[in-house]
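Values in this document were obtained by computation on a predicted structure and should not be read as measured data. Every heavy atom of this structure was used, including side-chain atoms; hydrogens, water molecules and symmetry mates were not.
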Amino acid sequence: MTTQEQVLDVARRARQAAAELAPLPRATKDAALHAIADALLARSAEIVEANAGDVARAREAGTSEYMIDRLSLSAERVEKIAAAVRHVASLPDPVGESVRGYTLPNGLELRQVRVPLGVVGIIYEGRPNVTVDAAALTLKSGNAVLLRGSSSAYDSNVALVEVMRSALTDVPADAVQLVPGRDRDSVKYLMRARGLVDVLIPRGGASLINSVVEESTVPVIETGVGNCHVYVDADADLGMAVDILVNAKTQRPSVCNAAETVLVHRDIAADFLPRALEALRAKGVTVHGDEAVRAYGDDVVAATEEDWGREYLSLDLAAAVVGSLEEAVAHIRRYGSAHTEAIVTTSQPAARRFVALVDSAAVMVNASTRFTDGEEFGFGAEIGISTQKLHARGPMGLPELTSTKYVVTGEGHLKGA
């Protein structure tokens with residue numbers, strides 16, 4: 001059983017490490033990231049071996065193959081993780097960047113500059129690559145990180161954190177720590193470590209995110225589930241629409257930016273749906289459709305009210321026919337998770353209206369929802385995809401892991417009456 005003191009101890013050490021890390025120059029942080037990448041490659045075999053134990057236990061527990069795919073590491077995947085760390089090292093350092101600055105009428109010089117958040121806690125489910133992504137991004141942005149992955153990836157995370165810490169020589173090793181314990185108590189104590197932990201970022205399913213948001217006394221940056229939509233407009237290029245839909249659903253169905261619902265304008269439903277259903281069927285997708293969609297395929301399952309709000313994370317897709325772009329937007333606003341929505345259309349007015357009306361973190365025009373990703377956006381690995389509206393929204397890269405402070409410079413200025 002994990003004790004509160006065990007969790008508070010790592011939080012105190014992280015706070016001290018954050019104070020030491022914050023003023024370090026970019027060159028020192030980048031060298032540390034390259035050392036981490038080197039260590040990951042050099043010790044890839046032991047990382048994969050530790051992961052194999054987690055994967056075996058997941059299979060014994062009856063975990064779905066889609067979730068096992070998220071959990072699994074191979075030598076090739078470790079190479080990609082190491083490459084992502086090097087990419088983060090190549091990115092500009094946000095710390096010290098001037099957000100704005102000017103001279104006040106009284107002659108005081110004012111600058112707003114980026115500073116690290118401090119100690120960042122990450123609570124996440126069975127994706128061990130997040131362990132390294134989060135460590136790289138927080139270290140580069142001058143933050144210490146407390147990592148609390150799921151028990152399903154515990155051995156993988158222990159190995160990864162040990163490898164990363166062993167590589168840190170010129171930056172404090174306690175800038176990267178695994179929160180002790182596999183039990184629920186360790187999460188609870190982390191969520192209550194206000195004053196030691198500056199912000200928590202949950203990554204995972206709705207139950208995890210809701211639990212952290214509702215129970216934490218530490219400020220939370222809320223990442224969201226991905227009930228992403230593809231709307232096929234009346235003026236869509238149908239070949240393009242089929243390709244985008246199939247990619248958005250099947251390229252990797254177990255991730256949050258995979259499409260979960262397709263909405264089809266009724267004017268092109270008769271031409272589009274037979275082609276789309278055939279292409280989806282060939283990829284093994286089960287379509288859950290409304291009455292209009294079911295008319296085009298005997299194998300289409302009747303959609304329930306629950307289906308419209310589902311994040312399947314599997315080869316399942318909800319489908320409906322709508323009468324207008326506005327009806328599509330109304331459906332998205334009612335059932336969506338404000339993550340990513342896409343429109344396929346050749347009409348610029350329709351594209352502009354969709355972009356203006358949809359209130360989500362990312363909106364794609366004639367592109368797959370799968371592009372909502374920190375690496376795809378050029379941010380390097382992401383810390384998460386925020387669906388809230390405070391501080392950060394969308395894929396969270398380095399700037400989103402900073403706050404700001406004001407630096408005011410005078411020449412003996414005194415405040416008068």
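With contacts defined as side-chain heavy-atom distances shorter than 4.5 Å, the pair L108/V408 qualifies. Using a 4.5 Å heavy-atom threshold, the side chains of L41 and E79 count as touching. Residues V262 and V264 form a side-chain contact, since some pair of their non-hydrogen atoms from C-beta on lies under 4.5 Å apart. Taking the side chain as every heavy atom from C-beta outward, D174 and V10 never approach each other to under 4.5 Å.
For A14, the side chain to side chain contact (heavy atoms under 4.5 Å, CB included) test picks out V119, A144, L146, Q177, with sequence neighbours left out. Among residues two or more places apart in sequence or in another chain, the side chain to side chain contact (heavy atoms under 4.5 Å, CB included) test is passed with P349 by S347, R352. Considering only residues two or more places apart in sequence or on other chains, Y312 meets the ring pair (Phe, Tyr, Trp, His ring centres under 6.0 Å) condition with H288. The salt bridge (charged side-chain N to carboxylate O under 4.0 Å, His left out) check on E291 picks up nothing, with sequence neighbours excluded. Evaluation of the salt bridge (charged side-chain N to carboxylate O under 4.0 Å, His left out) rule for D155 yields R57, R182 as partners, not counting sequence neighbours. Evaluation of the salt bridge (charged side-chain N to carboxylate O under 4.0 Å, His left out) rule for E162 yields R43 as partners, not counting sequence neighbours. Residues that satisfy the side chain to side chain contact (heavy atoms under 4.5 Å, CB included) test with R370, not counting sequence neighbours, are N247, Q251, R252, V255, N257, S368. When the side chain to side chain contact (heavy atoms under 4.5 Å, CB included) test is applied to V132, the partners found at least two apart in sequence or on another chain are L40, I81, V85, L160, M164. Under the ring pair (Phe, Tyr, Trp, His ring centres under 6.0 Å) criterion, H331 pairs with H229, W308, Y335, not counting sequence neighbours. Residues passing the salt bridge (charged side-chain N to carboxylate O under 4.0 Å, His left out) test with D243, sequence neighbours excluded: none.
Remark: E5 CD is packed, more than 12 non-hydrogen atoms of other residues, nucleotides or ligands lying under 6.0 Å away. More than 12 non-hydrogen atoms from other residues, nucleotides or ligands lie less than 6.0 angstrom from CZ of R12.
Across all non-hydrogen atoms, the minimal contact from I244 to A367 is CD1-N, 3.6 Å. In plain terms, the two heavy atoms of D373 and P395 that are nearest each other are N-CG, 3.9 Å. The two residues A350 and D233 come nearest to each other via the heavy atoms CB-OD2, 3.6 Å. The shortest heavy-atom contact between A236 and V344 is CB-O, 3.2 Å.
Between D69 and R127 there is no salt bridge, since no side-chain N of the basic residue sits under 4.0 Å from a carboxylate O of the acidic one. Ion pairing between a basic and an acidic side chain is recognised when a charged N comes within 4.0 Å of a carboxylate O; K29 and D170 show no such pairing. Look at D290 and R266 and you find no salt bridge, because none of the NZ, NE, NH1 or NH2 atoms lies under 4.0 Å from a carboxylate O.
Side-chain contact check for T2 and S186: no donor-acceptor pair (N or O, by modelled atom type) lies under 3.5 Å. A donor atom on one side chain and an acceptor atom on the other are not found under 3.5 Å apart for N227 and S337. S211 and R184 share a donor-acceptor pair across their side chains, judged by distance under 3.5 Å alone.
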Y189/T3 under side-chain hydrogen bond (donor to acceptor under 3.5 Å, both in side chains): CA gap, chis, key distance, verdict: CA-CA 8 Å; Y189 298 141; T3 67; over 6 Å; no
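Sorted by first and then second residue, the salt bridge (charged side-chain N to carboxylate O under 4.0 Å, His left out) pairs involving residues 130-141 (not counting sequence neighbours) are D30-K140. Within the structure, every pair that satisfies the salt bridge (charged side-chain N to carboxylate O under 4.0 Å, His left out) test and touches residues 327-345, not counting sequence neighbours, is listed here: E305-R334.
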